[in-house]
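Residues take their numbers from the sequence shown, with the count starting at 1.
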Amino acid sequence: MTMLRLCAHHIHCAVVVSGIMFSLLIICHRSHAEFAGSGIGAAFNTLPSFARRTIQSNFRQCSGSHQRSRCRHFAYPSQRTSLNDDNNEEKDNEIFFDDFSGLSIGDVTPAENMILQREEVDELPDFDDDDADKKRLREEELISIPLPKANPIDDLTGATLREFSFGPDVLLSAYAGSLGFDKVTDWQYFATDPYSGERKEVSPMPMNPNQPSRTRSSSGSVVRLFIGELGGKLASKMRSRGVDARVLIKEFSGDEAINLARAEKKGLGRVQSAWLKNNLKKNNKHEMVEVMEEGEWMEEAKRRYVDGLTDTPTPKDDENLITLLELLSSQKSSFSALLGEMNLMDYFDDETTDPNEWYKSLGVKPPQPGSVWLVYDYHGLNTAASYAVPSLIRRSKMPPRRGPFGGIMEAPPLPPFKERARYMVQGTLKGMMSAVADAHEAGIVHRSIGRNSFIMSSVGQDKREATSPYAVVTARLRVILSDWGFSATLEEATREKEFGVRSRMFGIPALGSYEDQVADDDRIHVAVGEFAMAEDLNAVGLTFLTMLFTTLAEPATLTAPMPPTDDDSWQRLFSEIFSKDIDQFREYCSNEDIWDSVVELLDREDGAGWDLLEDLLLARERVSSRFKGEEVEGTELVSASSLLSHPFFQMKFI
C-alpha cells in the first residue's frame, strides 16, 4: 500500500520575557493577503495624474510658521514610489502630505529638506472677492478623498483611531521582553490500496520519527514589549481617581508583525466594544451606549494627536479614557484593553534625537521607521505559563524572608489543597473560559490560545500577587486573554484556505467548495462557524490539562521527575496513544503518584472534571458528528458560554 500524508498548518507562539522562554499553542494559520495595498496611499496611486497634481497643489498650500511645523510633523518616510502620468513623462520626485493619516504619498525626500517657502509681506492685502473667485479652482477639478472611519460596532471607544504622542502622552520606563511564534503543522496520513485504489486514513506510529504527527518552525522575535505610563494631565486625573496609569506597549516591526498589529487592533477593538456595550446595558447605562454608538467617543479619540500638536487640551478624551479604565477594572474585564496607538512622528522628525538614548535608558535598539506601537492597559507580565509549575517548586523560588535578627526564616506551609484547587477551578480555569466566551459572543475567534495567551493578574497594585503559591482568594484574581494578533471574525476565519483544509480533515466541506456551491441550505456555513470556535475550545482543553496537572501536582521532592506536560505531549497522548478515549486517558493519569490529588479532583461530582475536558478536547469532533448526522446521545454540541455553567465550575470545596 502507498502511504500519503497531508498537512494542516497552525501557529505556535513563543514569548521571551526577561530572558525566560515560554511556548504557546495557536490553532490557526494567519493570512497576509487581506492587508496588502491597504490605506490612503494605495487609493491615491489609483487616481489619474491630473487628480494627483491637483491634490499636490492643495497640500502645498500650507504657509506660515505654525502650518510649516504641522506639515513637517506629518511627513513620514515610506517606501520609494514613482507615479507615471498619462503622457509617460519623466518621473517626478514629489512629496505629498496627508494631514490626517500621518502618511506620505509618493517619493520621499530627506526631512531636513522639507522646508516650505512663503513670501514676506508687510501687511495683509485687502480682501477682493472678485480676485478670490478668479483664483479659486473650478469645482469639477477638485477631488474629495473620504477619510477612513471606524464602525461604532467595531470600535465604540475610538481605541483604533486614538494616537498618543511619545513623551507628552506616553513615557517608556522599561523593556520587558519579546514575542515570537512557531508554525505548527499537523500531519494526516492515508494509505491507498493498490488493487481497489481506495484511500483510507491511517494512524501514524507514535514512536516512528519518519511519521511525525506534528512539526514546528520558529519565526524568531517579531514583537517587542515595553512597560510605560501615561503622562501629563491625564495621568494626574487618573491618580486622583485611583486609576492605574501604567501601560503595556507592543512594538510591531516588519511586514509580518504589521499584519499582526492590524489583526490585533481589529479583533480586540470589536471584543472590547461588544463587552462594554453588554455591561453598560446590564447596569442600565443606556445613555452612555447611545453616546458611543453616535460616534462621540471616536470623534474625540481621533482628534487627540492633532490637538496635542497645538497644545490644545483634550479634556473629553481624557475623561473617556478614565471612564473606560474604571469600567474595565470594576467589572473585571477578561481581555487586555486597547487604548490606542503611539505616534512616533515627533521622535523621527527631531533632528537632535540621539539613538544612543534608547540604549542608555532601555538597553535595546531604537524603533524602526514604519513600526506600529500599540498601547494597552497594564496587567503585569505573569502569564499562566509561569503559574503552571507545582506549588512546591514555586515556593522554593521565592526570595527568603529574614527574621528580626537577620536570620533566614523558613517559608510558611502551602495552603491546603482544597483552597488551591478552588483557586484553580473557580478562579483560573473559569476565568479562561469566560474570556473565550466573551470573544466568541463578539463574533471573534482568537486562534492563538495557550498558556502564554492568558495573563494572571490581580486587582491590587502588585500584579504578581496572582501567581504566588499562597494566592487562594478568587475575588482578587483577574484572568486576562491577550495577544490577539491571529484573531479574526468568524466570516474572515472560515474563508481562509488553510481553515478549509483543516475542516475537511473532519469531514466538513470548505466554503466555496463544490459541496458548498451545490448545497441547497446553509448547513455548511453553520458548521464551519461552529468548527472555528471549536478549534479555540480544543486549545482551551489542552491548556486546562497543563494547568491542572502542573500547578496542582504534588511531587515528593523538588527534584522529583515529572511526566511531560507540554501541549504536544497531551495531544499525542489523548489523540494518538489513547485514541481520544477519556477513560483510558484517565487511567494513564491515575498511575502517576504526583497526580493522585488532581485525578481525585476531576473524579468529583460523578467525574465532572473529566466530562468537561472531554467536551473541550472533542469539540471539533462533536461539530463534525453533528454535521454528518452521527450525533450520539450525551455528546451534544457545546459553546464557551454554555460551559460556564458546567457542574465542574459549580461544585463546592468544603
Quick check: does any side chain N or O of Arg394 sit under 3.5 Å from a backbone N or O of Val389, one acting as donor and the other as acceptor? yes
Just verifying a value: how many Å separate Met345 CE and Glu163 CD, rounded to the nearest 0.5 Å? 9.0 Å
Would you say the side-chain atoms of Glu554 and Ser597 include a donor-acceptor pair closer than 3.5 Å? yes
Checking side-chain contact (heavy atoms from CB on, under 4.5 Å) between Asp350 and each of Asp354, Asp346, Thr353, which is the one that passes? Thr353
Which atom pair, heavy atoms only, marks the closest approach of Gly380 to Ile455? O-CG2, 4.0 Å
Asp603 bridged to Arg586 by N-O distance under 4.0 Å: yes
Student check: side-chain heavy atoms of Phe486 and Leu260 closer than 4.5 Å: yes
In Å, rounded to the nearest 0.5 Å, how long is the span from CG of Leu268 to CG of Leu339? 9.5 Å
For the ring pair Trp373 and Phe166, is the centre-to-centre distance below 6.0 Å? no
Are the side chains of Leu643 and Leu616 in contact, using a 4.5 Å heavy-atom criterion? yes
Can you name the closest pair of heavy atoms from Thr551 and Ala388 and give their distance? OG1-CA, 3.5 Å
Smallest heavy-atom separation, Thr474 atom then Arg422 atom, equals CG2-O, 4.0 Å
Leu552 side, atom CG; Met424 side, atom CE - distance, nearest 0.5 Å: 4.5 Å
So, do Arg262 and Lys265 sit near enough that their side-chain heavy atoms are less than 4.5 Å apart? no
Ignoring hydrogens and geometry, is there a side-chain-to-backbone donor-acceptor pair from Ser468 to Glu465 under 3.5 Å? no
Are Phe578 and Glu587 side-chain neighbours, meaning at least one heavy-atom pair lies under 4.5 Å? no
Could Arg604 and Phe653 be counted as a cation-pi pair, given that NZ or CZ must be under 6.0 Å from the ring centre and within 45° of the axis? yes
Check whether any side-chain N or O of Ser330 sits under 3.5 Å from a backbone N or O of Leu327 as a donor-acceptor pair, and report yes or no. yes
Indicate the atoms forming the closest heavy-atom contact of Met398 with Pro469, along with that distance. SD-CG, 3.6 Å
Do Val247 and Phe164 come within less than 4.5 Å of each other through their side chains, counting heavy atoms only? no
Where Pro390 and Ala553 come nearest, the two heavy atoms and their spacing: CB-O, 3.9 Å
Between Phe574 and Leu613, is a side chain to side chain contact (heavy atoms under 4.5 Å, CB included) present by the stated rule, with each step listed? CA-CA 11 Å; Phe574 181 73; Leu613 290 174; over 6 Å; no
For the CD atom on Glu592, are there more than 12 heavy atoms of other groups (residues, nucleotides or ligands in this structure) within a distance under 6.0 Å? yes
Using distance alone, with no hydrogens and no angle criterion, decide if Ser458 and Arg464 have a side-chain donor and acceptor under 3.5 Å apart. no
Testing Asp536, Ile444, Val271 for side-chain contact (heavy atoms from CB on, under 4.5 Å) with Ser487, which one passes? Ile444
For Phe549 and Trp570, I'd like to know if the aromatic rings sit close, meaning centre-to-centre distance below 6.0 Å. yes
What I'd like to find out is whether the side chain of Glu535 reaches to under 4.5 Å of the side chain of Val445, using heavy atoms alone. no
Lys237 and its side-chain contact (heavy atoms from CB on, under 4.5 Å) partner, picked from Leu230, Asp318, Leu321: Asp318
Is there a donor-acceptor pair under 3.5 Å between the side chain of Tyr175 and the backbone N or O of Gly177? yes
Over all atoms of both residues, closest heavy-atom pair of Arg420 and Ser391: NH1-OG, 3.6 Å
Would you check, one step at a time, whether the test side chain to side chain contact (heavy atoms under 4.5 Å, CB included) holds for Tyr378 with Leu325? CA-CA 10 Å; Tyr378 184 75; Leu325 291 171; over 6 Å; no
How far does CZ of Phe648 sit from CG of Asp606, to the nearest 0.5 angstrom? 13.5 Å
May I ask you to test the Asp611-His646 pair for a side-chain heavy-atom distance under 4.5 Å? yes
Please confirm whether the backbone N or O of Ala274 pairs with a side-chain atom of Asn278, one donor and one acceptor, at under 3.5 Å? yes
Check: Thr383/Asn452 side-chain N/O donor and acceptor closer than 3.5 Å: yes
Lys/Arg-Asp/Glu bridge criterion (N-O < 4.0 Å) met for Asp317, Arg162: yes
Rounded to the nearest 0.5 Å, the CD atom of Gln426 sits from the CD atom of Gln650 at a distance of 7.5 Å
Determine, step by step, whether Asp483 and Ser448 satisfy the side-chain hydrogen bond (donor to acceptor under 3.5 Å, both in side chains) criterion, reporting the C-alpha distance in whole Å, the side-chain angles of both residues, the deciding distance to 0.1 Å, and the verdict. CA-CA 8 Å; Asp483 300 334; Ser448 58; over 6 Å; no
Checking Glu229 side chain against Leu171 main chain: does a donor-acceptor pair fall under 3.5 Å? no
Less than 4.5 Å apart, any side-chain heavy atom of Ile322 and any of Leu234? yes
Polar side-chain atom of Ser333 near backbone of Gln272 as donor-acceptor pair, under 3.5 Å: no
Should the heavy atoms of other residues, nucleotides or ligands under 6.0 Å from CZ of Arg401 be counted, would the total exceed 12? no
Using a 3.5 Å distance criterion without hydrogens, assess whether the side chain of Lys463 forms a donor-acceptor pair with backbone atoms of Gly460. yes
Whether the side chain of Ser482 engages the backbone of Ser453 through a donor-acceptor N/O pair (distance < 3.5 Å, no angle test) should be reported. yes
Would you call the rings of Trp358 and Phe226 parallel, tilted or perpendicular if under 30° counts as parallel and over 60° as perpendicular? perpendicular
Cation-pi between Lys250 and Tyr376: NZ/CZ under 6.0 Å from ring centre and within 45° of the ring axis? yes
Might you work through the side chain to side chain contact (heavy atoms under 4.5 Å, CB included) test for Leu179 and Val222, ending with a clear yes or no? CA-CA 6 Å; Leu179 291 169; Val222 296; 5.6 Å; no
Taking atom CZ of Arg239 and atom CG of Asp244, what is their separation to the nearest 0.5 Å? 9.0 Å
For Ser273 and Arg270, which I'm curious about, is there any donor-acceptor pair between the side chains at under 3.5 Å? no
Apply the test side chain to side chain contact (heavy atoms under 4.5 Å, CB included) to residues Leu612 and Phe544: give CA-CA distance (whole Å), side-chain angles for both, the deciding distance (0.1 Å), then the verdict. CA-CA 10 Å; Leu612 174 63; Phe544 277 17; 4.1 Å; yes
Has the side chain of Thr323 got a donor or acceptor atom that lies under 3.5 Å from a matching backbone atom of Glu319? yes
With a 3.5 Å cut-off and no angle check, do the side chains of Asp438 and Ser334 form a donor-acceptor pair? yes
